[in-house]
**Student:** 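For reference, the structure I am asking about is given below.
Values below: every heavy atom of this structure, side chains too, minus hydrogens, waters and symmetry copies. Nothing fancy with the numbering, it's 1 onward along the sequence. Counting starts at 1 for both ligands and their atoms, following the listed order.
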Amino acid sequence: MQSITDQGHIFLAFEAVYSQQMIQDKEALVLRIKQLKKEKDVVILSHYYMPAELQFELTDGGFVDFVGDSLGLSVQASKTEATNILFCGVKFMAETALLVNEGKQVYMPDPSAGCSLASSISAEDIRGLKKQYPGVPVMGYINTYAETKTELDICCTSRNAVAVAASLEGDKIIFVPDVYMGENLQKVIKKELGKDLILWNGSCEVHEQFRNFLPQMAADEGAELLFHWEVPEDITGIMETGRKGIVGSTGDILKYVQQSDAKRFYLASECDLSVALMKENADKEFVTPCVKCPYMKQNTLEKLLDALEAIGTPNESAYRVALDKNVIDAAKKPVLRMLECSN
Ligand code: 13P
Ligand code: SF4
(Lines give C-alpha, C1' and ligand atoms only; values in the text may rest on other atoms or scores of the structure.)
(Ligands and ions follow the chains in the order given, each with its own letter.)
Protein backbone atom coordinates (compact mmCIF):
# COMPACT_ATOMS: atom_id res chain seq x y z
CA MET A 1 0.00 0.00 0.00
CA GLN A 2 1.17 3.48 -0.81
CA SER A 3 0.37 6.51 1.37
CA ILE A 4 -0.49 9.87 -0.11
CA THR A 5 -0.91 12.92 2.09
CA ASP A 6 -3.47 15.41 0.91
CA GLN A 7 -4.33 18.47 3.02
CA GLY A 8 -3.46 16.63 6.20
CA HIS A 9 -5.50 13.53 5.36
CA ILE A 10 -3.82 10.21 4.79
CA PHE A 11 -5.10 8.31 1.81
CA LEU A 12 -4.15 4.80 0.88
CA ALA A 13 -3.81 3.86 -2.75
CA PHE A 14 -3.80 0.10 -3.02
CA GLU A 15 -1.20 -1.33 -5.37
CA ALA A 16 -1.65 -5.03 -4.91
CA VAL A 17 -4.24 -7.66 -4.24
CA TYR A 18 -4.04 -9.17 -0.76
CA SER A 19 -0.50 -10.16 -0.17
CA GLN A 20 0.56 -13.76 -0.71
CA GLN A 21 3.42 -12.98 1.68
CA MET A 22 0.92 -12.34 4.47
CA ILE A 23 -0.58 -15.79 3.92
CA GLN A 24 2.82 -17.50 3.64
CA ASP A 25 3.81 -15.98 7.00
CA LYS A 26 0.79 -17.70 8.56
CA GLU A 27 1.04 -20.95 6.62
CA ALA A 28 1.04 -23.20 9.70
CA LEU A 29 -2.21 -21.63 10.95
CA VAL A 30 -3.80 -21.94 7.53
CA LEU A 31 -2.89 -25.63 7.25
CA ARG A 32 -4.36 -26.38 10.70
CA ILE A 33 -7.56 -24.47 9.80
CA LYS A 34 -7.96 -26.53 6.62
CA GLN A 35 -7.45 -29.78 8.53
CA LEU A 36 -9.93 -28.88 11.31
CA LYS A 37 -12.67 -27.64 9.01
CA LYS A 38 -12.59 -30.95 7.18
CA GLU A 39 -12.52 -33.04 10.37
CA LYS A 40 -15.38 -31.11 11.97
CA ASP A 41 -17.52 -30.57 8.84
CA VAL A 42 -17.43 -26.78 8.97
CA VAL A 43 -18.30 -24.31 6.23
CA ILE A 44 -16.55 -20.93 6.59
CA LEU A 45 -18.45 -17.84 5.43
CA SER A 46 -16.76 -14.43 5.37
CA HIS A 47 -18.05 -10.91 4.78
CA TYR A 48 -16.23 -8.57 2.36
CA TYR A 49 -15.34 -6.36 5.36
CA MET A 50 -13.17 -9.04 6.92
CA PRO A 51 -9.43 -8.44 7.22
CA ALA A 52 -7.69 -9.71 4.05
CA GLU A 53 -6.47 -12.90 5.71
CA LEU A 54 -10.09 -13.92 6.38
CA GLN A 55 -10.99 -13.47 2.71
CA PHE A 56 -8.54 -16.21 1.65
CA GLU A 57 -10.82 -18.40 -0.47
CA LEU A 58 -10.68 -22.13 -1.27
CA THR A 59 -10.38 -21.22 -4.94
CA ASP A 60 -7.10 -19.39 -4.14
CA GLY A 61 -5.75 -22.26 -2.05
CA GLY A 62 -7.23 -20.81 1.16
CA PHE A 63 -9.91 -21.97 3.58
CA VAL A 64 -12.93 -19.67 3.14
CA ASP A 65 -15.83 -21.37 1.33
CA PHE A 66 -17.63 -18.18 0.39
CA VAL A 67 -16.87 -14.45 0.63
CA GLY A 68 -19.93 -12.28 0.14
CA ASP A 69 -22.17 -9.38 1.11
CA SER A 70 -24.88 -9.79 3.72
CA LEU A 71 -27.46 -11.06 1.19
CA GLY A 72 -25.02 -13.48 -0.45
CA LEU A 73 -23.99 -14.84 2.94
CA SER A 74 -27.63 -15.33 4.08
CA VAL A 75 -28.36 -17.24 0.86
CA GLN A 76 -25.21 -19.38 1.21
CA ALA A 77 -26.04 -20.08 4.87
CA SER A 78 -29.52 -21.25 3.86
CA LYS A 79 -28.05 -23.66 1.29
CA THR A 80 -25.12 -25.23 3.10
CA GLU A 81 -25.02 -28.94 3.75
CA ALA A 82 -22.26 -28.73 6.36
CA THR A 83 -23.19 -29.49 9.99
CA ASN A 84 -21.44 -26.38 11.32
CA ILE A 85 -21.17 -22.82 10.05
CA LEU A 86 -18.25 -20.63 11.14
CA PHE A 87 -19.30 -17.10 10.35
CA CYS A 88 -16.66 -14.38 9.96
CA GLY A 89 -18.65 -11.18 10.26
CA VAL A 90 -20.68 -9.46 12.96
CA LYS A 91 -23.25 -10.94 15.30
CA PHE A 92 -26.45 -9.93 13.50
CA MET A 93 -25.13 -11.73 10.38
CA ALA A 94 -24.32 -14.93 12.27
CA GLU A 95 -27.74 -14.79 13.95
CA THR A 96 -29.31 -14.56 10.49
CA ALA A 97 -27.37 -17.68 9.42
CA LEU A 98 -28.87 -19.47 12.42
CA LEU A 99 -32.40 -18.26 11.60
CA VAL A 100 -32.26 -19.76 8.11
CA ASN A 101 -30.55 -22.93 9.31
CA GLU A 102 -32.33 -24.38 12.28
CA GLY A 103 -30.70 -27.56 13.48
CA LYS A 104 -27.22 -26.43 12.45
CA GLN A 105 -24.67 -24.91 14.76
CA VAL A 106 -23.37 -21.41 14.03
CA TYR A 107 -20.08 -20.17 15.49
CA MET A 108 -18.09 -16.95 15.25
CA PRO A 109 -14.40 -16.23 15.84
CA ASP A 110 -15.63 -13.48 18.21
CA PRO A 111 -19.36 -13.52 19.04
CA SER A 112 -19.10 -10.14 20.80
CA ALA A 113 -18.65 -8.38 17.41
CA GLY A 114 -21.55 -5.90 17.36
CA CYS A 115 -22.80 -3.16 15.00
CA SER A 116 -23.84 0.43 15.75
CA LEU A 117 -26.91 0.08 13.53
CA ALA A 118 -28.10 -3.16 15.15
CA SER A 119 -27.66 -1.60 18.61
CA SER A 120 -29.67 1.48 17.69
CA ILE A 121 -33.10 -0.19 17.78
CA SER A 122 -34.97 -2.74 19.91
CA ALA A 123 -38.14 -4.81 19.54
CA GLU A 124 -39.80 -2.38 21.98
CA ASP A 125 -38.91 0.55 19.67
CA ILE A 126 -40.60 -1.23 16.74
CA ARG A 127 -43.71 -1.88 18.82
CA GLY A 128 -43.79 1.89 19.50
CA LEU A 129 -43.51 2.70 15.77
CA LYS A 130 -46.32 0.27 14.94
CA LYS A 131 -48.58 2.04 17.48
CA GLN A 132 -47.64 5.42 16.03
CA TYR A 133 -48.23 4.33 12.40
CA PRO A 134 -50.88 1.58 12.51
CA GLY A 135 -51.08 -0.62 9.43
CA VAL A 136 -47.84 0.67 7.88
CA PRO A 137 -45.50 -2.24 7.03
CA VAL A 138 -42.13 -2.36 8.79
CA MET A 139 -39.15 -3.13 6.58
CA GLY A 140 -36.07 -3.74 8.73
CA TYR A 141 -32.50 -3.70 7.54
CA ILE A 142 -30.76 -7.03 8.10
CA ASN A 143 -28.42 -5.04 10.40
CA THR A 144 -30.75 -5.66 13.39
CA TYR A 145 -30.51 -8.24 16.15
CA ALA A 146 -32.78 -11.32 16.06
CA GLU A 147 -34.80 -10.02 19.01
CA THR A 148 -35.62 -6.86 16.98
CA LYS A 149 -36.40 -8.94 13.88
CA THR A 150 -39.24 -10.63 15.80
CA GLU A 151 -41.29 -7.42 15.28
CA LEU A 152 -40.47 -6.80 11.58
CA ASP A 153 -42.80 -7.53 8.68
CA ILE A 154 -39.93 -8.11 6.29
CA CYS A 155 -36.15 -7.77 6.24
CA CYS A 156 -34.00 -6.32 3.51
CA THR A 157 -30.31 -6.05 2.85
CA SER A 158 -28.58 -3.20 1.09
CA ARG A 159 -28.74 -5.20 -2.18
CA ASN A 160 -32.45 -5.99 -2.27
CA ALA A 161 -34.02 -3.03 -0.41
CA VAL A 162 -35.74 -1.54 -3.49
CA ALA A 163 -37.13 -4.94 -4.61
CA VAL A 164 -38.37 -5.66 -1.08
CA ALA A 165 -40.02 -2.22 -0.88
CA ALA A 166 -41.74 -2.94 -4.21
CA SER A 167 -43.24 -6.12 -2.76
CA LEU A 168 -45.06 -4.24 0.01
CA GLU A 169 -48.65 -2.95 -0.12
CA GLY A 170 -49.48 0.72 0.40
CA ASP A 171 -47.73 4.02 -0.21
CA LYS A 172 -45.83 4.22 3.10
CA ILE A 173 -43.15 1.99 4.60
CA ILE A 174 -41.45 2.23 7.99
CA PHE A 175 -37.74 1.62 7.29
CA VAL A 176 -35.41 0.97 10.25
CA PRO A 177 -32.84 1.60 11.60
CA ASP A 178 -30.46 3.48 9.24
CA VAL A 179 -31.55 7.08 8.70
CA TYR A 180 -28.83 7.76 6.09
CA MET A 181 -29.52 4.64 4.05
CA GLY A 182 -33.21 5.55 4.39
CA GLU A 183 -32.61 9.04 2.98
CA ASN A 184 -30.60 7.64 0.05
CA LEU A 185 -33.21 4.94 -0.59
CA GLN A 186 -36.06 7.40 -0.31
CA LYS A 187 -34.90 9.17 -3.48
CA VAL A 188 -34.95 5.93 -5.51
CA ILE A 189 -38.10 4.50 -3.92
CA LYS A 190 -40.06 7.72 -4.42
CA LYS A 191 -38.97 7.94 -8.05
CA GLU A 192 -39.43 4.26 -8.94
CA LEU A 193 -42.30 3.20 -6.67
CA GLY A 194 -43.95 6.46 -5.56
CA LYS A 195 -43.70 5.37 -1.90
CA ASP A 196 -42.62 7.33 1.19
CA LEU A 197 -40.34 6.01 3.92
CA ILE A 198 -40.82 6.72 7.63
CA LEU A 199 -37.33 6.63 9.16
CA TRP A 200 -35.61 5.83 12.47
CA ASN A 201 -32.54 7.67 13.68
CA GLY A 202 -29.88 4.93 13.60
CA SER A 203 -26.57 5.26 11.77
CA CYS A 204 -23.47 3.31 10.85
CA GLU A 205 -20.56 4.76 12.78
CA VAL A 206 -18.21 3.69 9.97
CA HIS A 207 -19.97 5.06 6.90
CA GLU A 208 -20.95 8.36 8.54
CA GLN A 209 -17.22 9.15 8.83
CA PHE A 210 -17.11 9.82 5.09
CA ARG A 211 -18.57 13.23 6.04
CA ASN A 212 -14.96 14.19 6.82
CA PHE A 213 -13.71 13.43 3.31
CA LEU A 214 -16.05 15.32 0.98
CA PRO A 215 -13.40 17.90 -0.05
CA GLN A 216 -10.98 15.12 -1.03
CA MET A 217 -13.54 13.25 -3.13
CA ALA A 218 -14.68 16.48 -4.75
CA ALA A 219 -11.06 17.37 -5.63
CA ASP A 220 -10.28 13.92 -7.09
CA GLU A 221 -12.16 14.68 -10.29
CA GLY A 222 -10.64 11.78 -12.26
CA ALA A 223 -12.07 9.17 -9.88
CA GLU A 224 -15.49 7.54 -10.08
CA LEU A 225 -17.15 7.50 -6.63
CA LEU A 226 -18.25 4.33 -4.84
CA PHE A 227 -20.69 4.98 -1.98
CA HIS A 228 -22.42 2.44 0.23
CA TRP A 229 -26.10 3.31 0.90
CA GLU A 230 -25.09 3.92 4.55
CA VAL A 231 -23.03 7.06 3.69
CA PRO A 232 -25.00 10.21 4.67
CA GLU A 233 -27.18 11.63 1.92
CA ASP A 234 -25.63 15.12 2.21
CA ILE A 235 -22.34 13.48 1.03
CA THR A 236 -23.75 11.12 -1.62
CA GLY A 237 -25.52 14.23 -2.96
CA ILE A 238 -22.22 15.04 -4.73
CA MET A 239 -23.45 12.60 -7.41
CA GLU A 240 -26.00 15.24 -8.40
CA THR A 241 -23.13 17.48 -9.57
CA GLY A 242 -22.62 15.06 -12.50
CA ARG A 243 -19.95 12.86 -10.91
CA LYS A 244 -19.87 9.26 -12.13
CA GLY A 245 -20.14 6.32 -9.77
CA ILE A 246 -22.71 4.50 -7.67
CA VAL A 247 -24.66 4.70 -4.42
CA GLY A 248 -25.59 1.13 -3.56
CA SER A 249 -24.80 -2.05 -1.72
CA THR A 250 -21.47 -3.82 -1.40
CA GLY A 251 -22.53 -6.23 -4.17
CA ASP A 252 -23.66 -3.31 -6.38
CA ILE A 253 -20.29 -1.59 -5.89
CA LEU A 254 -18.36 -4.71 -6.96
CA LYS A 255 -20.58 -5.15 -10.02
CA TYR A 256 -20.35 -1.47 -10.95
CA VAL A 257 -16.54 -1.44 -10.93
CA GLN A 258 -16.34 -4.57 -13.09
CA GLN A 259 -18.60 -2.99 -15.69
CA SER A 260 -17.01 0.48 -15.66
CA ASP A 261 -14.31 1.58 -18.12
CA ALA A 262 -12.84 4.00 -15.56
CA LYS A 263 -9.37 3.31 -14.20
CA ARG A 264 -9.55 5.14 -10.85
CA PHE A 265 -12.16 4.85 -8.10
CA TYR A 266 -12.70 6.53 -4.73
CA LEU A 267 -14.03 3.98 -2.24
CA ALA A 268 -16.45 5.49 0.31
CA SER A 269 -17.15 2.24 2.12
CA GLU A 270 -15.34 -0.09 4.49
CA CYS A 271 -11.61 -0.25 3.71
CA ASP A 272 -11.26 -4.02 3.34
CA LEU A 273 -13.82 -4.13 0.53
CA SER A 274 -10.78 -3.03 -1.47
CA VAL A 275 -9.42 -6.60 -1.12
CA ALA A 276 -12.16 -8.00 -3.39
CA LEU A 277 -12.13 -4.89 -5.60
CA MET A 278 -8.39 -5.24 -6.20
CA LYS A 279 -8.61 -8.97 -6.66
CA GLU A 280 -11.30 -8.69 -9.33
CA ASN A 281 -9.91 -5.55 -11.01
CA ALA A 282 -6.14 -5.73 -11.01
CA ASP A 283 -5.90 -3.08 -13.75
CA LYS A 284 -7.80 -0.44 -11.74
CA GLU A 285 -6.70 1.89 -8.95
CA PHE A 286 -8.61 2.44 -5.71
CA VAL A 287 -8.25 5.35 -3.32
CA THR A 288 -9.82 5.44 0.12
CA PRO A 289 -9.24 7.08 3.51
CA CYS A 290 -9.37 3.47 4.72
CA VAL A 291 -12.10 3.68 7.35
CA LYS A 292 -12.40 0.31 9.13
CA CYS A 293 -15.33 -1.19 11.02
CA PRO A 294 -13.99 -1.95 14.52
CA TYR A 295 -16.56 -4.72 15.00
CA MET A 296 -15.67 -6.56 11.80
CA LYS A 297 -12.00 -6.29 12.75
CA GLN A 298 -12.61 -8.18 16.00
CA ASN A 299 -12.29 -11.27 13.77
CA THR A 300 -8.74 -12.55 13.28
CA LEU A 301 -7.11 -15.65 11.84
CA GLU A 302 -5.95 -16.65 15.33
CA LYS A 303 -9.48 -16.36 16.81
CA LEU A 304 -10.89 -18.31 13.86
CA LEU A 305 -8.48 -21.14 14.61
CA ASP A 306 -9.41 -21.02 18.35
CA ALA A 307 -13.10 -21.31 17.41
CA LEU A 308 -12.42 -24.28 15.14
CA GLU A 309 -10.39 -26.01 17.86
CA ALA A 310 -13.29 -25.47 20.30
CA ILE A 311 -16.08 -26.88 18.11
CA GLY A 312 -17.25 -30.18 19.58
CA THR A 313 -15.46 -29.57 22.92
CA PRO A 314 -16.79 -28.12 26.22
CA ASN A 315 -15.30 -24.74 25.15
CA GLU A 316 -17.51 -24.40 22.09
CA SER A 317 -20.13 -22.29 23.91
CA ALA A 318 -17.65 -19.37 23.94
CA TYR A 319 -17.92 -19.21 20.13
CA ARG A 320 -21.46 -20.42 19.54
CA VAL A 321 -24.34 -18.15 18.52
CA ALA A 322 -27.42 -19.15 20.51
CA LEU A 323 -31.00 -17.85 20.37
CA ASP A 324 -34.18 -18.84 22.23
CA LYS A 325 -36.53 -21.03 20.22
CA ASN A 326 -39.37 -18.46 20.43
CA VAL A 327 -37.03 -15.73 19.09
CA ILE A 328 -35.94 -18.01 16.23
CA ASP A 329 -39.54 -18.83 15.31
CA ALA A 330 -40.61 -15.17 15.15
CA ALA A 331 -37.39 -13.66 13.74
CA LYS A 332 -36.98 -16.10 10.87
CA LYS A 333 -40.32 -15.08 9.30
CA PRO A 334 -39.18 -11.64 8.00
CA VAL A 335 -35.87 -13.14 6.84
CA LEU A 336 -37.51 -15.98 4.91
CA ARG A 337 -40.01 -13.54 3.43
CA MET A 338 -37.06 -11.45 2.22
CA LEU A 339 -35.29 -14.47 0.72
CA GLU A 340 -38.46 -15.34 -1.22
CA CYS A 341 -38.38 -11.82 -2.70
CA SER A 342 -34.72 -12.19 -3.67
CA ASN A 343 -35.12 -15.39 -5.70
P1 13P B 1 -23.88 -5.31 2.77
O2 13P B 1 -25.34 -5.66 2.85
O3 13P B 1 -23.62 -4.40 1.63
O4 13P B 1 -23.04 -6.53 2.82
O5 13P B 1 -23.55 -4.40 4.03
C6 13P B 1 -23.45 -4.88 5.31
C7 13P B 1 -22.94 -3.85 6.22
O8 13P B 1 -22.83 -4.06 7.40
C9 13P B 1 -22.58 -2.58 5.65
O10 13P B 1 -22.03 -1.76 6.61
FE1 SF4 C 1 -22.45 -2.17 11.40
FE2 SF4 C 1 -21.39 -0.14 10.07
FE3 SF4 C 1 -19.83 -2.10 10.88
FE4 SF4 C 1 -21.60 -2.51 8.87
S5 SF4 C 1 -19.81 -1.16 8.86
S6 SF4 C 1 -21.22 -3.86 10.62
S7 SF4 C 1 -23.28 -1.22 9.56
S8 SF4 C 1 -20.96 -0.68 12.19
Side-chain angles (χ1 to χ4, degrees), residues 45-51 54-55 66-77 87-97 100 108-121 139-146 148-149 154-165 175-182 184-185 200-211 226-232 235-236 246-257 267-277 288-299 335 338-339 341-342:
L45 305 179
S46 252
H47 191 268
Y48 285 122
Y49 293 178
M50 284 296 101
L54 296 181
Q55 295 192 44
F66 183 80
V67 180
D69 64 0
S70 56
L71 180 61
L73 293 171
S74 307
V75 171
Q76 286 297 320
F87 202 107
C88 302
V90 288
K91 190 166 180 179
F92 74 80
M93 294 180 175
E95 283 184 346
T96 307
V100 295
M108 292 176 72
D110 187 338
S112 73
C115 166
S116 65
L117 275 172
S119 306
S120 73
I121 193 157
M139 175 168 98
Y141 197 22
I142 197 117
N143 298 38
T144 44
Y145 289 118
T148 311
K149 287 188 173 79
I154 193 162
C155 276
C156 71
T157 75
S158 57
R159 184 142 58 97
N160 62 16
V162 179
V164 169
F175 173 69
V176 295
D178 189 346
V179 67
Y180 300 133
M181 176 167 167
N184 283 313
L185 270 176
W200 182 254
N201 200 17
S203 61
C204 164
E205 67 181 54
V206 176
H207 287 91
E208 69 184 350
Q209 289 180 49
F210 287 95
R211 275 237 164 84
L226 309 172
F227 290 108
H228 195 279
W229 283 121
E230 293 167 12
V231 174
I235 305 304
T236 60
I246 185 171
V247 184
S249 71
T250 304
D252 296 334
I253 290 173
L254 282 156
K255 202 158 140 200
Y256 179 85
V257 171
L267 176 64
S269 186
E270 216 274 351
C271 189
D272 280 319
L273 174 56
S274 55
V275 173
L277 285 167
T288 176
C290 201
V291 181
K292 296 205 177 206
C293 171
Y295 310 108
M296 292 279 186
K297 293 330 150 196
Q298 284 179 236
N299 295 282
V335 178
M338 169 193 82
L339 290 176
C341 261
S342 311

**Student:** With heavy-atom distances below 4.5 Å as the criterion, would you say the side chains of R211 and Y180 are in contact?
**Tutor:** yes
**Student:** Is H47 close to ligand 1, meaning an N/O of one under 3.5 Å from an N/O of the other?
**Tutor:** yes
**Student:** Give the residue, atom name and distance (to 0.1 Å) of the protein heavy atom nearest atom 10 (O) of ligand 1.
**Tutor:** E230 OE1, 2.7 Å
**Student:** Need the ligand 1 atom indices (1-based, order shown) with element for anything under 4.0 Å from a heavy-atom of H207.
**Tutor:** 10 (O)
**Student:** Over 60° means perpendicular and under 30° means parallel, so classify the ring planes of Y49 and H47, tilted if in between.
**Tutor:** perpendicular
**Student:** Can a donor-acceptor pair be found, under 3.5 Å and without considering hydrogens, that links the side chain of E205 to the backbone of S116?
**Tutor:** no
**Student:** Can a non-hydrogen atom of Y49 be found less than 4.0 Å from any atom of ligand 1?
**Tutor:** yes
**Student:** Considering non-hydrogen atoms of the protein only, which is the closest contact for atom 3 (O) of ligand 1, and what is the distance?
**Tutor:** T250 OG1, 2.5 Å
**Student:** Could you find the nearest protein heavy atom to atom 1 (Fe) of ligand 2 and give me its residue, atom name and distance?
**Tutor:** C115 SG, 2.4 Å
**Student:** Using a distance threshold of 2.8 Å, state whether an N, O or S atom of C204 lies below it from atom 3 (Fe) of ligand 2.
**Tutor:** no
**Student:** Using the rule side-chain contact (heavy atoms from CB on, under 4.5 Å), only one of L273, T288, L267 pairs with L226; which is it?
**Tutor:** L267
**Student:** Given side-chain hydrogen bond (donor to acceptor under 3.5 Å, both in side chains), test Q298 with S112 step by step and report yes or no.
**Tutor:** CA-CA 8 Å; Q298 284 179 236; S112 73; 3.0 Å; yes
**Student:** Before you tell me yes or no, could you show the steps for R159 and D69 under salt bridge (charged side-chain N to carboxylate O under 4.0 Å, His left out), namely the whole-Å CA-CA distance, both residues' side-chain angles and the distance that decides it to 0.1 Å?
**Tutor:** CA-CA 8 Å; R159 184 142 58 97; D69 64 0; 2.7 Å; yes
**Student:** Would N143 count as being in polar contact with ligand 1, using the rule that some N or O on each side must be under 3.5 angstrom apart?
**Tutor:** yes
**Student:** Using a 4.0 Å cut-off to any heavy atom of Y295, which atoms of ligand 2 qualify?
**Tutor:** 8 (S)
**Student:** Less than 4.5 Å apart, side chain to side chain, heavy atoms only: is that true for K297 and P51?
**Tutor:** yes
**Student:** Quick one about Q55 and S46 (side-chain donor to acceptor, distance below 3.5 Å, no hydrogens or angles considered), yes or no?
**Tutor:** no
**Student:** Would you name the heavy atoms of P111 and K91 that are closest together and state the gap between them?
**Tutor:** O-CD, 3.4 Å
**Student:** At a non-hydrogen distance cut-off of under 4.0 Å, which region of E270 contacts ligand 2 (side chain, backbone, both, or neither)?
**Tutor:** neither
**Student:** Which atoms of ligand 1 are found less than 4.0 Å from any heavy atom of D69?
**Tutor:** 4 (O)
**Student:** Would you call the rings of F175 and Y141 parallel, tilted or perpendicular if under 30° counts as parallel and over 60° as perpendicular?
**Tutor:** tilted
**Student:** Compute the minimum heavy-atom distance from E270 to ligand 1 and say whether it is under 4.0 Å.
**Tutor:** no
**Student:** Under a 4.0 angstrom heavy-atom cut-off, which atoms of ligand 1 come close to S158?
**Tutor:** 1 (P), 2 (O), 3 (O)
**Student:** Looking at side-chain heavy atoms only, is the closest gap between M93 and L45 below 4.5 Å?
**Tutor:** no
**Student:** Which ligand 2 atoms, with their elements, are less than 4.0 angstrom from a heavy-atom of N143?
**Tutor:** 7 (S)
**Student:** Check whether any side-chain heavy atom of L185 sits under 4.5 Å from a side-chain heavy atom of W229, and report yes or no.
**Tutor:** yes
**Student:** Any nitrogen or oxygen of S70, main chain or side chain, under 3.5 Å from a nitrogen or oxygen of ligand 1?
**Tutor:** yes
**Student:** Check this for me - ligand 1, H228, N or O atoms closer than 3.5 angstrom, yes or no?
**Tutor:** yes
**Student:** Please identify which atoms of ligand 2 are closer than 4.0 Å to at least one heavy atom of L117.
**Tutor:** 7 (S)
**Student:** Which of the numbered atoms in ligand 2 are below 4.0 angstrom from a heavy atom of S116?
**Tutor:** 8 (S)
**Student:** Could you find the nearest protein heavy atom to atom 3 (Fe) of ligand 2 and give me its residue, atom name and distance?
**Tutor:** C293 SG, 2.4 Å
